[in-house]
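Everything quoted here is computed from the prediction, not taken from an experiment. Heavy atoms only: backbone and side chains are in, while hydrogens, waters and symmetry mates are out.
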Amino acid sequence: MCGIVGYVGNRLATPIVLNGLKRLEYRGYDSAGIATIHAGKIDLRRDVGKLRNLQNLVESQPLSGTIGVGHTRWATHGEPSTRNAHPHLGGTGEVVVVQNGIVENYLELKEELIAEGIGFRSDTDTEVIVHLIERFYVADVSLEQAVRQALKLLRGSNAVVALSSREPGKLVTARLGNAGGVAIGIGQEEMFLASDMPAILDHTRRMVFLESGWLAVLTAQGYTLQTLSGQAVRAQEHQIAWDPVSAEKGEYKHFMQKEIHEQVRSLTDTIGGRLDQESGAVMLPSLNLTAEIAQNIDRIIITGCGTAAHAGMVGKILIENMARIPVEVAIASEFRYAEPIVTPNTVVIAISQSGETADTLAAMDEAKKRGARLWSVVNVIGSAAMRIADGYIAMLSGPEIGVASTKAFTAPLADLYLLAMLLGQLRGTLTAEQSRYFAIELAQVPFKVGQILEREKSVEQVAKALKEISHCLYLGRGVNMPIAYEGALKLKEISYIHAEGYPAGEMKHGPIALVDRQMPVIAIVPQDLWYEKMLSQLEQAKARGGAVVAVVTDGDERVPQIADYALWIPACAWQVSPILASIPLQLLSYHVAVLRGCDVDQPRNLAKSVTVE
């Protein structure tokens with residue numbers, strides 16, 4: 001959701017900024033723009049629609065300059081249009097601004113500025129920022145001083161970047177609240193900034209990250225950090241291990257397909273080094289978890305949004321099963337408004353692929369204020385969710401570009417499984433024999449995922465049978481109930497088919513009224529604790545004429561007699577079945593969307609990193 005890329009150095013800024021924006025297309029946007037400074041003047045290009053429109057504009061009207069900033073906008077205030085696209089130029093023509101986030105008090109600020117005689121050229125909340133900066137940017141005042149003064153008047157979460165033709169070698173960026181990250185890349189006599197690391201990985205892997213309430217000044221010679229009150233601060237420098245090549249599609253048609261197939265590696269990386277198969281011992285040192293802490297935990301709350309919340313639902317069942325700790329799952333966007341009851345012995349676990357999801361960061365802030373211990377499960381190293389937590393588990397999935405999450409769903413499933421094991425071992429609720437059993441089952445998961453991926457062609461055949469449907473019902477029980485929710489979410493996200501996930505036992509309490517020949521039922525039916533109950537649900541759906549697609553354990557002879565189509569997975573312990581069951585459902589959603597001609601990687605109205613409330 002909105003991408004920012006900035007550069008200052010000795011090279012032409014335009015190709016660096018445009019290439020960075022290209023790598024941020026997965027975040028979701030509806031317009032794009034770029035501004036550079038050359039010969040003491042700000043030059044601006046903006047266009048609506050895809051980034052290629054901006055690239056074509058820049059080719060016909062080139063931009064010079066060795067400093068610049070670019071932006072991809074996801075509309076919040078004002079329709080998608082060229083006039084509302086970022087960057088926004090001030091009335092004097094000396095200052096230009098881009099922003100991620102929302103200015104909550106922009107209407108009152110706008111009225112105040114209009115009363116001062118300021119004219120507005122867009123419908124956005126962002127434009128008030130550039131006019132406020134110009135208000136304070138008088139003689140003998142630096143750009144960073146003016147930015148600090150302007151941001152003091154804003155309410156809401158914002159990440160802002162400003163350039164001025166009066167100080168043509170300087171980029172100023174600041175962050176207020178949880179409006180998304182700002183990564184600062186350190187080069188040789190050049191500096192970079194971006195709202196997400198893949199934008200600048202081609203140029204540097206040395207990075208620092210801006211905290212809320214911080215401001216950074218970037219020049220070709222380096223950077224300085226300060227608080228919005230002007231106090232100097234220091235940040236930890238990170239060496240990012242991600243390879244920029246991993247953010248390319250390679251042989252695959254879409255990033256989503258590539259990332260589905262990368263799950264053998266991402267799960268291997270997630271599990272490897274954290275699990276001893278012989279002893280069953282689990283190592284999660286970054287959690288800072290001791291036996292004393294584990295013994296004293298009275299309750300766990302897992303929070304996240306969308307796919308992350310579904311992973312948390314699986315984690316609840318695993319932790320309660322292995323560690324015997326009561327667990328609640330709270331949707332992050334609701335958590336801070338619910339007056340949550342926590343104690344110093346309550347652990348709040350936040351799950352976020354980007355580590356910058358605004359609602360999740362707000363939930364973390366609320367938990368911390370109330371005295372809870374805070375853990376996070378995140379994919380992006382150095383992200384806010386990682387930095388503010390008392391301990392964390394890294395997903396180790398590598399960059400995930402497709403908006404619909406795949407490998408960053410199965411990785412936290414494995415992470416939560418490991419956490420459940422570790423808590424069970426520290427609390428004495430798992431025997432040594434049980435630990436070894438669970439370790440072996442998890443260690444086999446990457447190989448079994450590979451077996452499922454080898455059957456992609458058969459899943460594609462099922463997709464052909466479903467490509468014309470308008471509605472779909474997903475059913476699951478127990479640990480796979482959340483997988484029904486997740487399967488339905490994937491289908492609706494990328495194919496725009498209305499799909500709903502339900503606990504299978506609830507079907508007869510309402511949803512069964514919808515089942516007919518036009519309403520297929522997709523059921524997760526591995527041979528687990530809930531197998532016999534799921535057979536009953538399949539029979540009920542079949543009796544009402546609904547086509548049935550079932551996720552089935554290899555060798556099962558009963559389900560294929562009922563279901564019209566089978567998606568096969570290898571036999572496994574029920575505790576790891578959600579990981580395996582997710583794979584064919586991801587493939588099914590992907591191929592249905594491709595057959596329907598949908599934009600798989602960038603579905604309409606969606607953004608990869610949701611940085612506004």
Side-chain angles (χ1 to χ4, degrees), residues 260 302 304-318 329 331 351 404-406 409-410 412-413 416 452 459 462-463 466 469 471-495 497-515 519-542 544 546-553 556 559 562-569 572 574-590 592:
I260 290 171
I302 302 177
C305 301
T307 289
H310 298 157
M313 293 174 189
V314 175
K316 164 187 166 67
I317 296 171
L318 296 178
V329 179
I331 302 300
I351 305 174
S405 192
T406 52
F409 174 66
T410 54
L413 293 183
L416 291 167
I452 298 169
V459 179
V462 179
L466 299 182
I469 65 173
H471 307 277
C472 192
L473 196 64
Y474 282 71
L475 302 177
R477 291 195 82 143
V479 77
N480 281 302
M481 180 188 73
I483 305 308
Y485 297 162
E486 176 62 15
L489 178 62
K490 283 291 155 287
L491 189 67
K492 73 179 78 169
E493 278 182 318
I494 62 171
S495 70
I497 293 170
H498 173 242
E500 296 295 337
Y502 279 95
E506 287 292 294
M507 186 173 72
K508 57 186 173 292
H509 295 286
I512 199 168
L514 299 172
V515 178
M519 173 69 86
V521 174
I522 300 178
I524 301 121
V525 200
Q527 291 178 328
D528 58 16
L529 304 178
W530 305 273
Y531 176 73
E532 295 291 340
K533 299 295 184 183
M534 283 300 301
L535 285 177
S536 172
Q537 259 82 57
L538 292 189
E539 294 281 10
Q540 292 177 46
K542 194 66 178 175
R544 285 153 182 84
V548 174
V549 178
V551 177
V552 192
T553 302
D556 189 317
V559 173
I562 306 170
D564 298 278
Y565 306 97
L567 304 173
W568 298 95
I569 64 172
C572 63
W574 68 260
Q575 289 89 346
V576 298
S577 64
I579 302 176
L580 301 187
S582 298
I583 308 301
L585 296 181
Q586 292 173 357
L587 288 169
L588 181 65
S589 297
Y590 169 76
V592 168

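- Partners of Trp568 by ring-ring contact (aromatic ring centres under 6.0 Å, His included), not counting sequence neighbours: none found.
- In this structure, Leu588 and Leu466 have side chains that are in contact, with non-hydrogen atoms separated by less than 4.5 Å.
- Remark: Ser577 pairs with Asn480 by the side-chain hydrogen bond (donor to acceptor under 3.5 Å, both in side chains) rule, at least two apart or across chains.
- Checked against ring-ring contact (aromatic ring centres under 6.0 Å, His included), Tyr590 has the following partners two or more places apart in sequence or in another chain: His254.
- Using a distance-only test at 3.5 Å, with no hydrogens or angles considered, a donor-acceptor pair links the side chain of Lys490 to the main chain of Ser405.
- Every residue two or more places apart in sequence or in another chain that forms a side-chain hydrogen bond (donor to acceptor under 3.5 Å, both in side chains) with Tyr531 is listed here: Asp556.
- His471 is linked by a side-chain hydrogen bond (donor to acceptor under 3.5 Å, both in side chains) to His498, counting only residues two or more places apart in sequence or in another chain.
- Annotation: the span from Tyr485 atom OH to Thr307 atom OG1 amounts to 14.0 Å, rounded to 0.5 Å.
- Taking the salt bridge (charged side-chain N to carboxylate O under 4.0 Å, His left out) definition, one finds that Lys316 meets it with Glu320, sequence neighbours left out.
- Each salt bridge (charged side-chain N to carboxylate O under 4.0 Å, His left out) pair with one or both residues in residues 304-315, not counting sequence neighbours, would appear here, but there are none.
- Side-chain contact between Val479 and Trp530 is present, with heavy atoms from C-beta onward closer than 4.5 Å.
- For Ala563, the side-chain contact (heavy atoms from CB on, under 4.5 Å) partners at least two apart in sequence or on another chain are Val548, Ala550, Val559.
- Under the side-chain contact (heavy atoms from CB on, under 4.5 Å) criterion, Pro482 pairs with Met313, Val314, sequence neighbours left out.
- In this structure, the side-chain hydrogen bond (donor to acceptor under 3.5 Å, both in side chains) partners of Gln586, at least two apart in sequence or on a different chain, are Gln263.
- Taking Thr553 as the reference, Pro526, Gln527, Ala571 meet the side-chain contact (heavy atoms from CB on, under 4.5 Å) condition, with sequence neighbours excluded.
- With sequence neighbours excluded, the residues that form a side-chain contact (heavy atoms from CB on, under 4.5 Å) with Ile562 are Leu535, Leu538, Glu539, Lys542.
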